[in-house]
Amino acid sequence: MIYIKSTSEIAKMRRSGRIVYDTFAHLKPLIQAGVTTKELDTAAEEFIRSQGAIPSFLNYNGFPASICASVNNVVIHGIPGGQRLKDGDIISIDIGAVYDGYHGDACRTFAVGEVSAQRKRLMEVTEQSFFKGLEFARHGERLFSISAAIQEYVESNGFSIVRNYCGHGIGRNLHEDPEVPNYGRAGHGIRLMKGMTIAVEPMVNAGGFATKTLRDGWTVVTEDGSDAAHYENTILITDGEPELTTYY
Ligand code: MG
């Protein structure tokens, strides 16, 4: 069941999305060698609550933190803890916030100090792939045209797109229909309509696309140990240009 959002629901999603965006701005200066991922989590939670919102991920299916902090070969769902960031690391930080019952969800991958040219390129290709997909996030387009554009861009740059996890509808629920894969056939899938809200989130591996989950039941790593990057925004389909609620 895909929910079409009303004007008042969209206003709430703009509010939660803006809080997510502002949380990244709040964290950015803290993302330096020596900081622990738990310290970043605490800073994010305090900021989100200071805005009158609640971290979407905290206790979601039992997730024990407010952000996902995924370093280097961790693709998604890294649990914040005592790990200290080092110069040259890359860290994907996924943040969700719920305000007045509506969620915003976004992810950015950050460089810690100076990173290798390969890691820089991985981050850039991942971010750009989102914007390639965004070109098809329009009323009347087919959903998998977004997926295909992401896949084509990532693979033509020599990286691989994760298959086991995908983007999702979002609104009153953090995850709702439809699923938004990052690979697929252009011109297929459901027809997008004005008022749909979807989180599109390419997860890109430098090596193969296979992943595995660690014994903590959450942390997803690349099977071959290669690096991974992740980029996400919440998108509102309009009758014109798509609107990003988590990007300004
Ligand atoms: Mg998401």
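Counting starts at 1 for both ligands and their atoms, following the listed order.
The Mg ion (ligand 1) has D105 OD2, H168 NE2, E201 OE2, E232 OE2 as its protein N, O or S neighbours under 2.8 Å.
Residues passing the ring-ring contact (aromatic ring centres under 6.0 Å, His included) test with Y21 are Y248, sequence neighbours excluded.
At a threshold of 4.5 Å between side-chain heavy atoms, the hydrophobic network of Ile, Leu, Val, Met, Phe, Trp and Tyr places Y60 and L58 in two separate groups.
Contact of the L27 side chain with the I95 side chain is registered, since non-hydrogen atoms from C-beta on lie closer than 4.5 Å.
Aromatic ring pairs are classed by plane angle as parallel below 30°, tilted from 30° to 60° and perpendicular above 60°; the pair H26 and F47 is parallel.
Taking the six-membered ring wherever Trp is involved, the centroid distance between the rings of Y247 and F131 falls below 6.0 Å.
R15 forms no cation-pi arrangement with Y102, by the criterion of a distance under 6.0 Å to the ring centre and an angle within 45° of the ring axis.
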